[in-house]
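Only this structure's heavy atoms are used, side chains among them; waters, hydrogens and symmetry mates stay out. Computed from a predicted structure; not experimentally measured.
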Amino acid sequence: MQNNLNDNNLPAFCLLVVSKNCNFHCKMCNMWKNKNRQIDRKELTIEEIKGFVDDLKNVTTEPIFIHLIGGEALLRPDLTEIIAYIREQGFNSSITTNGYYIDEGMAKKLVNSRLTGIFISLDGFKEETHDYLRGVKGSYQHVMDAIEFLDKHRGADKKNRLSIGITMTMMEKNLDEIIDLVEWANTNEKLNDVFLNACLQPFDCDDQKREWFKESRHSEVWPQDPGKIKNILEKLAVLKEKGYKICNPPEQLRLIKEYFTNPYRFIHDQKVKCPRGDLAPEVNAYGDINMCFCMEPVGNIRKNKFSEVWFSEGMIRARQEIKKCKKDCDIVVNCFYKIENIIDPVKSE
């Protein structure tokens with residue numbers, strides 16, 4: 001254990017990208033288009049991931065969440081082995097998945113790995129909407145089946161069993177289905193939570209453009225009627241205040257209204273502080289250690305231990321830069337508004 005641990009400077013959450021590969025063709029993500037971008041880089045092996053998990057204990061004082069994402073996380077054939085190892089080392093573990101590969105056998109393996117929480121993407125209340133936005137016919141039914149299989153195998157012990165949630169990205173194409181989906185999730189005893197995301201510029205864009213949302217090619221992603229999305233978000237905030245199973249706090253849902261009004265001024269206008277430097281390091285599929293999506297990696301676990309990087313001068317500079325950052329950034333509107341939005345509902349199950 002490091003001697004210079006400071007509880008105010010320890011990660012509260014860790015993102016681990018286990019694969020950049022994906023089997024979907026989503027309208028709000030370009031990751032699937034870039035299969036050859038990192039062809040010269042090898043993804044982390046399971047032994048490298050285990051080494052990182054072992055070392056992470058040197059910079060934590062509590063069983064924080066290691067959240068596994070992709071691409072599509074379940075494209076890794078050793079994912080449940082990774083989850084089981086994370087849990088054996090005393091951490092909590094959660095994943096985000098499109099649900100496509102969760103048949104009954106995989107559901108049983110995930111439960112047996114002692115996975116703490118799972119978030120399954122569901123971007124439409126109607127089957128045709130979800131399948132269209134995700135670019136794979138039948139994907140909606142795979143989500144429904146995954147929920148059934150996971151619930152069947154997670155057992156009746158509510159205190160220790162797997163938490164099952166869904167995530168929805170709010171887009172022009174699904175605006176009319178958002179409230180219906182939340183109402184359905186709230187009365188579905190198999191689901192613990194629903195998390196709502198604002199659409200961002202499609203992930204992995206090579207041509208990052210400040211006003212991307214004005215381009216016609218993104219018209220099915222970016223809401224075209226600001227008044228309509230504001231009304232929906234206010235309804236969601238009220239439902240959360242009534243006790244609905246929505247992870248997002250009301251203040252975040254109301255902040256998103258400002259984001260959809262002016263996505264590159266809302267942080268300045270609302271004086272939102274980015275928590276990224278304080279809370280959530282990311283280790284990507286190639287070992288890079290990132291504290292911000294808009295900054296160069298601080299290090300790489302293949303070259304230096306994570307614990308060495310965490311307490312390094314480079315990390316201190318990166319975190320200081322994030323704290324005083326004035327960039328027009330949209331990412332904070334979603335998951336990193338507050339880390340506890342994600343982990344508290346899972347921890348309470």
Side-chain angles (χ1 to χ4, degrees), residues 24-29 96-100 102 117-151 163-200 202 213 218-261 333-335 337 341-342 345-346 349:
F24 275 21
H25 295 169
C26 299
K27 295 291 186 291
M28 62 293 194
C29 179
T96 295
T97 174
N98 60 39
Y100 194 84
I102 304 179
I118 185 169
F119 287 92
I120 307 173
S121 299
L122 181 60
D123 288 319
F125 183 64
K126 296 177 182 178
E127 182 172 7
E128 58 267 28
T129 303
H130 176 82
D131 285 3
Y132 176 78
L133 288 170
R134 287 280 159 172
V136 175
K137 189 172 180 57
S139 57
Y140 175 91
Q141 191 56 53
H142 277 271
V143 172
M144 296 298 114
D145 292 344
I147 293 169
E148 293 293 327
F149 291 140
L150 289 165
D151 180 66
S163 176
I164 303 172
I166 58 171
T167 64
M168 183 186 204
T169 299
M170 296 177 283
M171 296 174 273
E172 171 65 23
K173 187 71 175 178
N174 64 15
L175 286 189
D176 293 330
E177 301 175 31
I178 294 172
I179 300 298
D180 287 339
L181 186 142
V182 169
E183 292 281 1
W184 166 77
N186 193 60
T187 58
N188 190 328
E189 294 182 353
K190 297 179 177 65
L191 295 174
N192 299 101
D193 305 287
V194 56
F195 191 89
L196 299 155
N197 286 304
C199 60
L200 307 177
F213 52 93
H218 297 305
S219 61
E220 291 182 322
V221 175
W222 186 259
Q224 300 299 296
D225 183 346
K228 184 176 182 178
I229 184 63
K230 283 185 174 183
N231 183 50
I232 291 169
L233 284 159
E234 183 58 34
K235 287 181 180 178
L236 291 169
V238 172
L239 291 177
K240 172 63 175 180
E241 289 168 342
K242 290 181 177 179
Y244 272 56
K245 294 186 290 189
I246 299 173
C247 292
N248 314 68
E251 59 267 28
Q252 182 190 20
L253 295 166
R254 293 186 171 113
L255 178 69
I256 295 174
K257 292 195 295 183
E258 305 307 319
Y259 163 73
F260 280 122
T261 299
V333 74
N334 284 333
C335 320
Y337 178 76
N341 299 356
I342 300 175
V346 176
E349 286 304 314

Q. Can you check side-chain contact (heavy atoms from CB on, under 4.5 Å) on T129 and D123, steps first, answer last?
A. CA-CA 7 Å; T129 303; D123 288 319; over 6 Å; no
Q: Could you pull out the closest heavy-atom pair between I120 and A146, with the gap in Å?
A: CD1-CB, 4.1 Å
Q.
Give me each pair satisfying salt bridge (charged side-chain N to carboxylate O under 4.0 Å, His left out) with a member in residues 171-186, each pair once, sequence neighbours excluded.
A. D176-K228
Q: Supply the atom-to-atom distance Y140 OH to L122 CG, rounded to the nearest 0.5 angstrom.
A: 6.5 Å
Q) Measuring from L133:CG to H25:NE2, what's the distance to the nearest 0.5 Å? A) 14.5 Å
**Q.** Closest contact, heavy atoms only, I102 versus F149
**A.** O-CD1, 3.7 Å
Q: Would you please say whether a donor-acceptor pair under 3.5 Å links the side chains of S139 and D131?
A: yes
Q: List in chain and number order the residues that pass side-chain contact (heavy atoms from CB on, under 4.5 Å) with K235, two or more places apart in sequence or in another chain; answer none if no residue qualifies.
A: I179, N231
Q. In Å and rounded to the nearest 0.5 Å, what is the CG to CE distance from L181 to M168?
A. 5.0 Å
**Q.** Qualifying residues under ring-ring contact (aromatic ring centres under 6.0 Å, His included), relative to Y132, sequence neighbours excluded
**A.** none
Q) How close do N248 and L196 get, heavy atom to heavy atom, and via which atoms? A) ND2-O, 2.8 Å
Q.
Is any side-chain heavy atom of Y100 closer than 4.5 Å to one of H142?
A. yes
Q: Taking all heavy atoms of I166 and all of A185, pick out the closest pair and write down the distance.
A: CD1-CB, 4.0 Å
Q: Report the C-alpha separation of V143 and H130 in whole Å, then their side-chain angles, then the decisive distance to 0.1 Å, and conclude whether the side-chain contact (heavy atoms from CB on, under 4.5 Å) test is met.
A: CA-CA 10 Å; V143 172; H130 176 82; 4.0 Å; yes
Q.
Holding to side chain to side chain donor-acceptor pair (under 3.5 Å), I want the full list of residues that pass it with Q141, two or more places apart in sequence or in another chain.
A. D145
Q) Between L191 and W184, does a side-chain contact (heavy atoms from CB on, under 4.5 Å) hold up when you go through it step by step? A) CA-CA 10 Å; L191 295 174; W184 166 77; 3.7 Å; yes
(Q) I need the I164 CD1 to E189 CD distance, nearest 0.5 Å. (A) 12.5 Å
(Q) Can a donor-acceptor pair be found, under 3.5 Å and without considering hydrogens, that links the side chain of D151 to the backbone of E148? (A) no
Q: State which residues pass side-chain contact (heavy atoms from CB on, under 4.5 Å) with S121; sequence neighbours excluded, sorted by chain then number.
A: T96, R134, T167
Q: For P250, enumerate each residue passing the side-chain contact (heavy atoms from CB on, under 4.5 Å) test, keeping only those at least two apart in sequence or located in another chain.
A: A237, K240, E241, R254
Q. With N98, which residues qualify under side chain to side chain donor-acceptor pair (under 3.5 Å), at least two apart?
A. N23, E72
Q | Pairing residues for A198 by the side-chain contact (heavy atoms from CB on, under 4.5 Å) criterion, not counting sequence neighbours | A | I256, Y259, F260, V333, N334
(Q) Please enumerate all residues that pass side chain to side chain donor-acceptor pair (under 3.5 Å) together with K245, with sequence neighbours excluded. (A) none
Q: May I ask you to test the D225-I229 pair for a side-chain heavy-atom distance under 4.5 Å?
A: no
Q) Aromatic rings F119 and F195: how do their planes relate, parallel, tilted or perpendicular, breaks at 30° and 60°? A) perpendicular
Q: State the NZ-CG distance between K27 and N174, to the nearest 0.5 angstrom.
A: 12.5 Å
Q. With sequence neighbours left out, what residues match S219 under side chain to side chain donor-acceptor pair (under 3.5 Å)?
A. none
Q) Can any side-chain N or O of Q224 pair as donor or acceptor with the backbone N or O of W222 at less than 3.5 Å? A) yes
Q: Tell me, please, which residues at least two apart from K137 pass salt bridge (Lys or Arg N to Asp or Glu O under 4.0 Å).
A: none
Q) How long is the gap from CE on M171 to SG on C199, to the nearest 0.5 Å? A) 7.5 Å
Q.
Test side-chain contact (heavy atoms from CB on, under 4.5 Å) on I246 and D193; report intermediate values, then the result.
A. CA-CA 6 Å; I246 299 173; D193 305 287; over 6 Å; no
